[in-house]
S.K.: 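Can you keep this structure in mind? I'll have questions shortly.
Here is the naming used below: chain letters follow the sequence lines, and residue numbers restart at 1 for every chain.
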Amino acid sequence: MPRVLSRRTFLRGSGGLALGLPLLEAMLPRRSYAAGDVSPQRFVVFFSANGTIAERWSPLGTPADYTFSDPGQSRILDPLEAWRSDLLVIEGLAMHSRGYPPGSNGHDLGMGHMLTGIPLVEGPSGYAEFSHLPDGTVGGPSIDQAIAEQIGAGTPYRSLEFGVASYLELTRQLTCRMCYRGPFEVLPPENDPRAAFERLFVDLGADPAELAILRAQRRSVLDAVAGDIEVLEGQLGAGDRHKLEAHLGSVREIELSLDAMGDLPAACVQPTAPDELDVWANELFPTIGKLQMDLMIMALACDLTRVASLQWSGGESTVRHTWLGHGAEHHELSHAADDAIEAREQLAEINRWYAQQFEYMLAGLAAIEEPGGRLLDHSAVLWCNEQGNGQTHSLDRIPFVLAGSAGGAIETGRWLEVEGHAHNDLYVSLLRAFGDEGAEVFGMPEVCSGPLPGL
Amino acid sequence: MPSLRTRALLLALLPLGVGCYEGVGDPDGADGASGDSTGDGSAEGDAEGAMVDCEVHDPGPAPLRRLSAFEYDNTIEDLLDDDRRLAQAFPAEGAGGFDNNADAGSAGRLVVEAYMFAAEAIAARAVERLDELLPCDEEAIDEACVGAFIDQFVPRAWRRPLTASERTGLRSYYADASASYGASAAVGLLLQRVLESPHFLYRVELGDPRGGEPVMPLRDHELATRLSYLMWGSMPDEIALAKADAGELHTLQQVEQEARRMVADPRSERMVLHFHEQWLGYARLEDLSRDAERFPEYGPAIVASQRAELEGFIRHVIFEGEGTLHELLAAPYTLVDAPLADYYGLDREPGPGLRPARADDRDTSGLLTQGAILAVAAKATETHPIARGVLVREQLLCQIPPPPPTDLPLEPPAPDPDATTRERYEQHRIDPSCSGCHALFDPIGFGLENFDATGRWRSTENGLAIDASGELSQTDVDGPFVGAAELGARLARSEQVHDCVATQWFRYGHGRTETPERDACSLGLVKEGFADADGDIRELLVALTQTDAFMVRPTHDAGS
């Protein structure tokens with residue numbers, strides 16, 4: 001059966017609200033601020049796939065005096081040169097937990113360990129010795145969700161997951177996803193900017209009276225549904241009950257968000273409604289990405305959420321970066337040999353292009369002024385990758401870049417070499433930066449050595 | 001409970017490439033502790049040959065199943081005649097090769113919000129046509145009318161009779177909503193409340209507990225639901241519900257009879273196509289990106305024709321033709337429309353739409369030479385013999401190839417305008433660190449080299465003649481072959497392939513990957529039934545229902 005393209009307009013248009021007034025004209029109340037007000041911390045994950053080329057990625061010079069740029073050569077981090085003081089370049093972290101079974105496909109392991117730092121879990125079939133775990137999952141929550149546990153309450157969305165052509169391959173689900181509440185609790189990303197807009201921003205422009213009725217109606221339906229789930233839970237076994245509890249948790253979250261919409265921050269502006277696009281069209285990849293970043297930035301500015309992620313494609317991305325003049329797929333290029341000059345150059349160009357996208361997002365976050373400084377200053381934005389070097393599926397020297405100080409908790413403007421540490425240690429440091437001050441471990445305890453020294 | 005065979009061979013994932021890393025120095029050296037995960041199959045090796053006792057009933061796990069997007073859409077269409085297929089916009093879910101895998105994950109917020117938006121849209125449309133929905137005039141809606149509607153509609157939506165307290169609860173929900181928002185809005189809210197309920201979204205199985213026994217029979221309505229979602233990917237129809245209401249749907253014979261009725265019903269076609277789309281991996285056919293310079297004529301029109309070709313072929317074989325796996329894999333014909341026949345350079349019988357096409361001068365072998373499948377297992381710029389070989393290994397032989405060794409550079413052969421793809425992969429044969437494993441898939445893919453990256457026949461590449469000789473190894477049909485037709489004929493008579501297809505259907509049918517020990521007897525029966533029916537796919541579907549895995553389930557460990 002041919003796939004039906006986006007039906008989101010149907011979904012939202014007939015049952016929910018029509019697109020309403022521009023937000024600034026709407027009557028939703030605004031926050032008032034006082035001197036000394038502090039803005040909330042935010043955490044953002046930015047993912048691109050297939051590893052990097054270390055010698056083209058590393059800063060040049062010494063940690064005391066370095067640059068991302070070289071007039072004689074196109075370098076991967078060059079688009080971020082102007083943002084050096086906002087960045088922490090972290091070199092040398094390895095996914096040590098990836099060395100532990102089960103699982104053995106480099107991209108499954110990379111995606112599954114990247115944000116969790118803990119061995120995968122085999123599924124009920126017990127098949128675990130081969131390449132992909134057919135019904136397996138991650139071993140624990142991803143770092144964005146652990147941070148959401150700290151800072152996610154009180155906003156309408158505990159976290160928001162955005163994707164850019166983040167497809168799901170049914171035989172390799174682990175390669176395609178990165179955010180999890182826990183084992184078997186995957187958080188799939190929203191790939192459609194139009195749907196994301198309607199989900200997040202339509203209510204903000206609605207007639208308050210109409211909105212109040214809609215919310216009361218939704219609450220009445222969800223209350224009844226929650227009652228059904230609670231009765232059913234008592235009739236089923238433990239595994240099934242766990243599923244129903246998760247479903248009930250989702251229902252409760254939606255119910256809470258019907259109340260949570262408080263006064264809007266001054267910086268909150270309703271974005272333009274994106275057109276309906278074929279979100280799987282390869283040539284629209286850059287367009288969709290920009291739309292998703294715009295929406296994510298405004299969702300953060302409007303305080304709809306404090307934790308967000310953007311997943312460009314997935315592990316083992318097969319996107320063709322045709323707008324850079326490339327014919328071959330990203331994954332294939334990532335395996336090219338060192339002496340395949342043209343392919344290696346194209347791979348550097350791809351990584352440099354993602355640096356440009358990262359720059360676009362930083363600029364957007366920096367353009368939002370809020371009490372205490374720029375939105376970027378109150379955020380930590382983590383650029384991560386499921387591989388170190390795509391040629392070998394290496395788990396060493398993952399190219400991490402962190403932007404923003406999370407409200408002064410992280411000292412930026414540095415280039416840090418931390419060879420020998422598991423990437424778990426970075427996440428321990430992040431947990432501490434986001435309020436879990438006693439954190440000593442994240443993910444697999446055996447590979448942790450405490451917070452990252454010098455961070 | 002079904003009376004089954006007495007013993008079965010313990011299942012095992014077929015290990016492939018034992019020792020295929022021999023040429024590699026130390027594939028796991030840099031990985032430290034991953035020595036257990038090289039995929040050498042040793043863990044499974046121990047289990048081979050072990051027997052399990054089939055007189056002990058064991059249905060295997062029966063995890064709670066939520067409707068897949070496909071099932072949601074079909075159900076809404078059958079329930080409310082709303083064919084907008086809103087669930088196509090739900091976030092994609094699935095695992096183990098299929099979108100209905102019950103272990104893929106729980107319902108997160110994005111999914112539950114999607115259920116809410118969809119139910120609102122479905123209710124909004126239904127309320128526009130209240131006269132069709134309610135047993136009374138729109139102007140005369142009262143609680144008696146809505147009560148009658150609840151009694152008639154909700155048992156269909158929840159696929160079982162209502163309890164007295166549920167009926168009371170729904171009536172009072174309507175009464176409250178009606179007081180606040182008026183009668184027709186309240187009917188809409190009632191619909192939303194029914195469609196967002198776990199009783200609609202999940203296939204709840206309370207079963208019929210037998211004291212402290214670990215296994216219990218299913219209720220008639222639960223079996224009706226298992227049958228209809230297996231055969232149609234949708235809710236039970238009036239006939240199945242009536243049989244369940246009458247208590248006439250719980251013996252093996254009753255279930256078999258109902259299974260046969262459903263397989264023969266045209267509604268089974270969409271389910272069979274949906275299975276194939278996932279099994280053979282062409283769900284994303286429309287998203288393929290091909291290099292326009294190399295393939296200027298390839299585009300959305302050809303893709304649409306290729307999908308029509310493949311679906312037309314499957315439908316023809318299973319529902320109009322011989323219905324066998326042999327025919328699916330080895331049919332010396334395809335069905336194409338005129339533009340695709342031109343693209344392929346293939347003579348076809350004249351006429352509109354899909355027409356049969358055969359050729360004496362080229363290989364045609366059922367699914368193996370379908371353009372859509374060959375295009376999916378290819379790269380943007382060229383063919384991908386490895387991916388094609390892996391497709392045959394994983395999906396047709398149920399053999400899982402070992403992963404590429406970690407920290408060994410995996411360099412694709414560089415482009416060379418003066419060589420064929422096959423010649424460029426020669427390194428895999430020469431280099432001992434590659435050859436052990438690549439001998440498992442490259443020689444299968446080479447046999448399909450007559451088909452380019454868009455599935456079009458070619459006899460030369462870069463001006464050089466195509467060499468389509470290949471070899472099958474570690475199968476029950478080993479040996480050298482030349483071209484797709486010989487490969488197809490070989491696979492079509494393989495017992496291993498037949499068993500694998502039975503296994504794939506088992507995974508789809510039960511929404512889970514089989515467990516080697518607990519499913520040995522049930523899956524053994526399915527394989528036997530399929531073999532006894534000479535590989536008839538529709539008989540395989542019926543056989544799926546005649547097992548412990550289908551007829552009974554584990555007792556809920558309530559309170560534990």
S.K.: What residue, out of Pro415(B), Ala380(B), Ala292(B), has the most heavy-atom pairs lying under 4.5 Å from chain A?
M.R.: Ala380(B)
S.K.: Give, as side chain, backbone, both or neither, the part of Ala102(B) having an atom under 4.5 angstrom from any heavy atom of chain A.
M.R.: both
S.K.: Taking side chain as everything from C-beta outward and backbone as N, CA, C, O, which of these in Ala165(A) sits under 4.5 Å from a heavy atom of chain B? Side chain, backbone, both or neither.
M.R.: neither
S.K.: Considering all heavy atoms of both residues, which atom of Phe184(A) and which atom of Thr137(A) are nearest to each other, and what is their separation?
M.R.: N-OG1, 3.0 Å
S.K.: Is Glu253(A) close to chain B through its backbone or its side chain, or both, or neither, when contacts mean heavy atoms under 4.5 Å?
M.R.: both
S.K.: Could you tell me which portion of Asp228(A) (side chain, backbone, both or neither) has an atom closer than 4.5 angstrom to a non-hydrogen atom of chain B?
M.R.: both
S.K.: Answer with side chain, backbone, both or neither: which region of Ala337(A) has an atom nearer than 4.5 Å to a non-hydrogen atom of chain B?
M.R.: both
S.K.: Identify which part of Leu285(B) has an atom lying under 4.5 Å from any heavy atom of chain A, answering side chain, backbone, both or neither.
M.R.: neither
S.K.: How about CD on Glu245(A), more than 12 heavy atoms from neighbouring residues, nucleotides or ligands closer than 6.0 Å, or not?
M.R.: yes
S.K.: Does any heavy atom of chain B fall under 4.5 Å from the side chain of Ala336(A), the backbone, both, or neither of them?
M.R.: backbone
S.K.: Rounded to the nearest 0.5 Å, what separation is found between the CG atom of Leu110(B) and the CZ atom of Arg199(A)?
M.R.: 4.5 Å
S.K.: Among the options Gln278(B), Gln192(B), Met116(B), pick out the one with the most heavy-atom pairs lying under 4.5 Å from chain A.
M.R.: Met116(B)
S.K.: Side chain from CB out, backbone as N, CA, C, O: work out which of these in Val204(B) comes under 4.5 Å of a heavy atom of chain A, or both, or neither.
M.R.: side chain
S.K.: With a 4.5 angstrom heavy-atom cut-off, is it the side chain or the backbone of Ala92(B) that approaches chain A, or both, or neither?
M.R.: both
S.K.: Can Glu169(A) and Arg172(A) be counted as an ion pair, charged N to O under 4.0 angstrom?
M.R.: no
S.K.: So, for Tyr282(B) and His276(B), is the gap between ring centers shorter than 6.0 Å?
M.R.: no
S.K.: Looking at Arg84(B) and Asp82(B), is there a salt bridge between them, counting it only when a charged N and a carboxylate O are closer than 4.0 Å?
M.R.: yes
S.K.: Between Glu93(B), Arg512(B), Glu166(B), which shows the greatest number of heavy-atom pairs under 4.5 Å with chain A?
M.R.: Glu93(B)
S.K.: If I measure from the heavy atoms of chain B, does Tyr167(A) come under 4.5 Å with its side chain, its backbone, both, or neither?
M.R.: side chain
S.K.: What I want to check is whether the side chains of His113(A) and Ser97(A) have a donor and an acceptor closer together than 3.5 Å.
M.R.: yes
S.K.: Is it the side chain or the backbone of Ser220(A) that comes within 4.5 Å of chain B heavy atoms, both, or neither?
M.R.: both
S.K.: Tell me, side chain or backbone of Leu160(A) under 4.5 Å from chain B's heavy atoms, or both, or neither?
M.R.: neither
S.K.: Let me know if Ile229(A) has heavy atoms under 4.5 Å from chain B in its side chain, its backbone, both or neither.
M.R.: both
S.K.: Side chain, backbone, both or neither: which part of Glu293(B) has a heavy atom under 4.5 Å from chain A?
M.R.: neither
S.K.: Does any heavy atom of chain A fall under 4.5 Å from the side chain of Ser197(B), the backbone, both, or neither of them?
M.R.: both
S.K.: Taking side chain to side chain contact (heavy atoms under 4.5 Å, CB included) as the definition, give me every residue that meets it alongside Glu161(A), ordered by chain and number, with sequence neighbours left out.
M.R.: Asp144(A), Gln145(A), Ser159(A), Cys179(A), Leu187(A), Pro189(A), Ser309(A)
S.K.: Name the member of Gly94(B), Ala62(B), Gly105(B) that forms the most heavy-atom pairs with chain A at distances under 4.5 Å.
M.R.: Gly94(B)
S.K.: Looking only at side-chain N and O atoms, does Arg109(B) offer a donor or acceptor that is under 3.5 Å from a partner on Ser257(A)?
M.R.: yes
S.K.: CD of Glu311(B) to CD of Glu269(B): how many Å apart, nearest 0.5 Å?
M.R.: 10.5 Å
S.K.: Are Arg125(B) and Glu120(B) close enough for a salt bridge, meaning some N to O gap below 4.0 Å?
M.R.: no
